[in-house]
Amino acid sequence: MSGRLSHDDRETLPDRGPSGPARYARHPSHDAPPMNVEIKHQRMANAIRALAMDGVERAKSGHPGMPMGMADVATVLFTRYLRFDPADPDWPDRDRFVLSAGHGSMLLYSVLYLLGVEDMTLDQIKRFRQLDSVTPGHPEHGLAAGIETTTGPLGQGLANAVGMALAERIMAARFGAAIVDHRTYVIASDGDLMEGISHEAISIAGHLRLNRLIVLFDDNGISIDGPLSLSESGDQIARFKAAGWNAARIDGHDADAVARAIEAAQQSDRPTLIACKTTIGYGAAKKAGTAAAHGSPLGEAEIAAARKNLGWDSPPFEIPTDIRDAWRIAGLRSSHAHKEWDQRLAALDSETRSEFERRVNGDLPPGLGPAIAAYKRRLADEAPKLATRKASEMALDEINAVVPETIGGSADLTGSNNTRSRDMTPITADDYSGRYVHWGVREHGMAAALNGMALHGGLIPYSGTFLTFSDYCRPAIRLAALMGVRVIFVMTHDSIGLGEDGPTHQPVEHLAALRAIPGLKVFRPADVTETAECWQLALESAGGPSLIALTRQNLPALRKEFLETNLCARGAYEIAPADGDAEVTIFATGSEVEIAVAAKALIEAAGHGARVVSVPCVELFEACSEEHRAGIIGEAPVRMAIEAAVRQGWDRFIGTDGIFIGMSGFGASAPYMPLYEKFGITAEAAAQAALARLQAPAQSTTADVREETRA
Ligand SMILES: Cc1ncc(C[n+]2csc(CCOP(=O)(O)OP(=O)(O)O)c2C)c(N)n1
């Protein structure tokens with residue numbers, strides 16, 4: 001296909017002619033019937049421009065420049081190519097559209113309104129950026145149909161789109177082209193392409209030859225600080241080509257050129273970048289082509305001049321009937337294709353159809369619960385001593401056998417993350433029927449692509465890296481939580497317990513930092529059984545992401561009795577009751593539960609009752625009733641937490657005068673046992689601290705501590 005798109009250099013672009021009003025002269029007044037195709041296009045594009053500049057003006061904030069500049073491209077895409085049914089915006093085989101340059105949100109809102117998406121009313125357009133509107137500053141998935149992902153942090157949308165395009169190929173390999181056969185379109189800006197994540201996203205997309213991915217780059221040469229030349233001198237065309245893409249540059253205000261480029265891209269055997277040379281704020285008299293059009297209202301005078309330039313004389317928020325009708329008719333374009341698809345789906349054998357529907361609805365197969373129960377029964381009998389990363393692999397062997405929609409992966413740490421279960425074969429550019437993605441060393445791109453896969457639907461993506469590199473994934477993890485998508489981040493080597501790789505690789509603050517992300521469930525299981533239970537909970541958390549922190553070092557089986565109930569479901573539970581009245585409660589997670597249990601034995605040997613509470617998921621515990629929480633926290637006068645990480649967050653359990661056994665700085669490079677000794681995370685140290693406190697109670701009373709904890 002590469003021959004079909006010519007590589008137009010900046011120098012060979014058509015001359016845009018004079019600046020100022022004369023340059024918009026090809027836009028005649030709207031009341032000049034009959035409309036020819038070009039005039040109709042201009043007026044349809046101007047409808048986006050008018051809504052964008054008026055919407056931003058009314059909100060007194062926002063970004064008019066990008067929607068005005070990309071209005072021609074969006075009009076061509078949405079009225080001629082994007083397969084989308086406004087009457088059923090969630091149609092599974094729709095083309096996906098991602099506005100990676102989320103600051104240009106008014107472009108998306110305008111188009112959805114003009115196409116006739118029910119959620120996007122004119123009233124909502126007028127309420128741009130206002131409280132409880134579906135039109136916030138940046139598009140937020142879930143607020144209105146047609147917003148495929150939440151964008152704003154530049155580069156994320158592009159990487160989401162890579163995940164969507166990959167999900168499409170994976171689903172097509174399973175259900176066939178009659179049921180899954182769509183494209184993913186992206187509008188990306190200079191900022192999207194400058195962000196580092198874009199490198200990861202485009203290189204994996206090129207490697208996997210995701211030829212249904214088409215990126216329309218708003219090549220306007222402007223960013224916030226001014227001309228792009230201030231900070232960029234790369235060649236995006238050459239860059240994308242080097243990553244295995246097709247790439248071409250066109251005049252983004254030439255509708256025919258846009259159409260030709262999209263058609264060529266549709267025939268491509270690789271992903272395609274279409275660099276659309278545009279003028280930011282197209283139409284604005286003085287601000288067009290300048291950074292002044294990027295991110296603030298144009299102002300009354302400038303808007304009046306833009307109306308004149310564009311030949312748009314309708315008042316704010318009024319779209320001439322013929323233009324609105326033209327958009328609505330364009331919105332009906334795919335309804336026939338949708339009906340035909342419905343028929344093809346109905347014609348499937350009932351088993352395939354219901355399986356497709358189950359996966360797209362995100363329902364888990366009924367076999368999961370019994371499989372986990374049978375597995376836990378075996379674990380109770382065998383009580384294996386294993387690293388939880390290995391326990392995770394064993395759980396995945398069971399899960400992946402009964403949950404066919406899981407897609408595994410790792411950022412080049414497969415052997416360390418243990419994410420590839422029995423029978424998982426790799427997904428490659430030549431064969432998307434596998435279930436495992438080798439993401440390469442691209443944690444950020446991977447995490448954002450997982451979000452895109454989950455948003456696409458039909459799949460449950462999970463993938464791994466080391467917990468310390470969750471920092472490299474954090475912006476995408478945050479967005480997974482903000483959107484509430486089911487992505488499972490597998491993070492092994494979860495403490496100084498990883499040993500010799502040293503402090504660069506030993507997470508210390510990460511658990512606290514991740515627990516700070518609202519809506520993210522951070523699991524840290526203590527043994528094989530808890531690992532299976534945490535996996536089950538992560539899979540069942542359809543409304544949000546989970547992160548499972550796992551050890552490198554072996555841990556004994558602490559749960560020796562089979563219980564069908566998932567004890568991790570309430571986030572914390574008493575794993576070892578006190579012998580008699582509890583004078584000490586020890587909270588611990590993951591590898592430190594073993595230490596807590598040993599400390600309990602030492603404390604009890606010294607004549608004081610102690611209980612251990614395992615806390616595999618703080619977030620689930622905090623979601624429990626206050627009564628339940630109070631019962632688990634208990635009345636013991638001495639409270640202690642043991643976690644090989646920083647204290648932050650633990651005062652909620654132990655009070656400010658509680659004893660914390662953990663880390664207060666970075667780790668060190670050594671085998672793990674000496675490290676636990678060096679940092680005092682041992683049963684002996686814990687027992688000693690508890691006994692010392694029993695002999696010399698802290699200043700504040702336990703009642704005070706309990707009050708603080710509950711508050
Ligand atoms: C990760 C991230 N960093 C910074 C920003 C703030 N920001 C919004 S748009 C933008 C750059 C604007 O340039 P460009 O992407 O070319 O958009 P245009 O001016 O063409 O609309 C920046 C820095 C952001 N949204 N995301």
Side-chain angles (χ1 to χ4, degrees), residues 196-197 200 386-393 408-420 437-448 450 462-478 488-517 520 522-526 531 534 546-555 588-595 642-649 661-682:
I197 190 174
E200 300 178 22
L386 292 170
T388 49
R389 63 175 173 152
K390 181 65 187 166
S392 171
E393 181 186 328
S410 167
D412 201 40
L413 289 168
T414 296
S416 301
N417 298 150
N418 299 60
T419 37
R420 184 166 162 177
V437 184
H438 291 282
W439 290 101
V441 193
R442 299 185 181 95
E443 295 86 359
H444 197 184
M446 169 182 82
L450 299 181
Y462 72 83
S463 198
T465 184
F466 290 157
L467 181 60
T468 197
F469 304 137
S470 61
D471 285 340
Y472 277 50
C473 309
R474 191 175 174 88
I477 297 176
R478 181 174 192 271
I488 303 171
F489 301 98
V490 180
M491 300 277 168
T492 67
H493 297 59
D494 69 351
S495 74
I496 54 163
L498 69 85
E500 296 84 343
D501 271 344
T504 54
H505 284 48
Q506 292 162 353
V508 171
E509 75 280 24
H510 298 73
L511 290 168
L514 290 161
R515 286 175 184 144
I517 297 179
L520 174 69
V522 180
F523 292 100
R524 190 165 187 251
T531 304
C534 291
S546 301
L547 182 145
I548 309 183
L550 301 163
T551 66
R552 173 174 184 253
Q553 74 272 32
N554 283 343
L555 303 177
T589 78
S591 38
E592 286 70 70
V593 180
E594 175 193 7
I595 293 170
I642 314 180
E643 183 167 70
V646 297
R647 177 174 181 137
Q648 193 171 331
I661 304 280
M663 301 293 291
S664 55
F666 295 115
S669 172
Y672 86 92
M673 288 290 207
L675 287 176
Y676 272 84
E677 287 287 339
K678 172 180 165 63
F679 293 106
I681 309 175
T682 62

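FYI, side chains are in, hydrogens and waters are out, and symmetry mates aren't considered; it's all heavy atoms of this structure.
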Self-check item: Taking every non-hydrogen atom, the tightest pair across Ser410 and Thr419
Solution: CB-OG1, 3.6 Å
Quiz item: About how many Å separate CD1 of Ile488 and CG of Leu547, when rounded to the nearest 0.5 Å?
Solution: 10.5 Å
Practice problem: Working to the nearest 0.5 Å, report the span between CG of Leu550 and CG of Asn418. | Solution: 8.5 Å
Quiz item: With side chains defined as the heavy atoms from C-beta onward, is the minimum distance between Phe469 and Met491 less than 4.5 Å?
Solution: no
Quiz item: Just how far is it from atom OG1 of Thr414 to atom CD of Glu393, taken to the nearest 0.5 Å?
Solution: 10.5 Å
Quiz item: What's the spacing between Ile496 CD1 and Lys678 NZ if we round to 0.5 Å?
Solution: 10.0 Å
Quiz item: Side-chain contact, heavy-atom cut-off 4.5 Å: Arg474 with Ile517?
Solution: yes
Practice problem: Check whether any side-chain heavy atom of Gln506 lies under 4.5 Å from a side-chain heavy atom of Ser495, and answer yes or no. | Solution: no
Quiz item: Does the side chain of Tyr472 come within less than 4.5 Å of Glu200's, by heavy atoms?
Solution: no
Quiz item: For the residue pair Thr551 and Arg389, what are the closest heavy atoms and their distance?
Solution: O-CG, 3.1 Å
Quiz item: Would you say the side chain of Thr468 lies within less than 4.5 Å of the side chain of His510, judging by non-hydrogen atoms?
Solution: yes
Quiz item: Of all heavy-atom pairs between Ile681 and Glu592, which one has the smallest distance, and what is that distance?
Solution: CG2-CG, 4.1 Å
Quiz item: If you look at every heavy atom in Gly464 and Asn417, which pair is closest and at what distance?
Solution: C-OD1, 3.0 Å
Exercise. May I ask you to check whether over 12 heavy atoms, not counting those of Glu500, lie within 6.0 Å of atom CD?
Key: yes
Quiz prompt | From Thr504 atom OG1 to Phe666 atom CZ, the distance as rounded to the nearest 0.5 Å | solution = 10.5 Å
Practice problem: Compare every heavy atom of Ser470 with every heavy atom of Leu514, then report the nearest pair and how far apart it is. | Solution: CD1-OG, 3.8 Å
Exercise. Mind listing the closest non-hydrogen atom pair of Leu498 and Gln553 along with its distance?
Key: N-OE1, 4.4 Å
Practice problem: Measure the shortest side-chain to side-chain distance between Ser591 and Tyr672 over non-hydrogen atoms and say whether it is less than 4.5 angstrom. | Solution: no
Self-check item: Sub-4.5 Å side-chain heavy-atom contact between Trp439 and Asp412
Solution: no
Quiz item: More than 12 foreign heavy atoms under 6.0 Å from CZ of Arg442: is that the case here?
Solution: yes
Quiz item: What is the distance from atom CD1 of Ile197 to atom NE2 of His444, rounded to the nearest 0.5 Å?
Solution: 3.5 Å
Self-check item: Full working for side chain to side chain contact (heavy atoms under 4.5 Å, CB included) between Val437 and Ser463
Solution: CA-CA 8 Å; Val437 184; Ser463 198; over 6 Å; no
Exercise. Decide yes or no for Leu511 and Asp494: does some side-chain heavy atom of the first lie under 4.5 Å from some side-chain heavy atom of the second?
Key: no
Quiz item: Does the side chain to side chain contact (heavy atoms under 4.5 Å, CB included) test come out yes or no for Tyr462 and Ile548, once each step is laid out?
Solution: CA-CA 10 Å; Tyr462 72 83; Ile548 309 183; over 6 Å; no
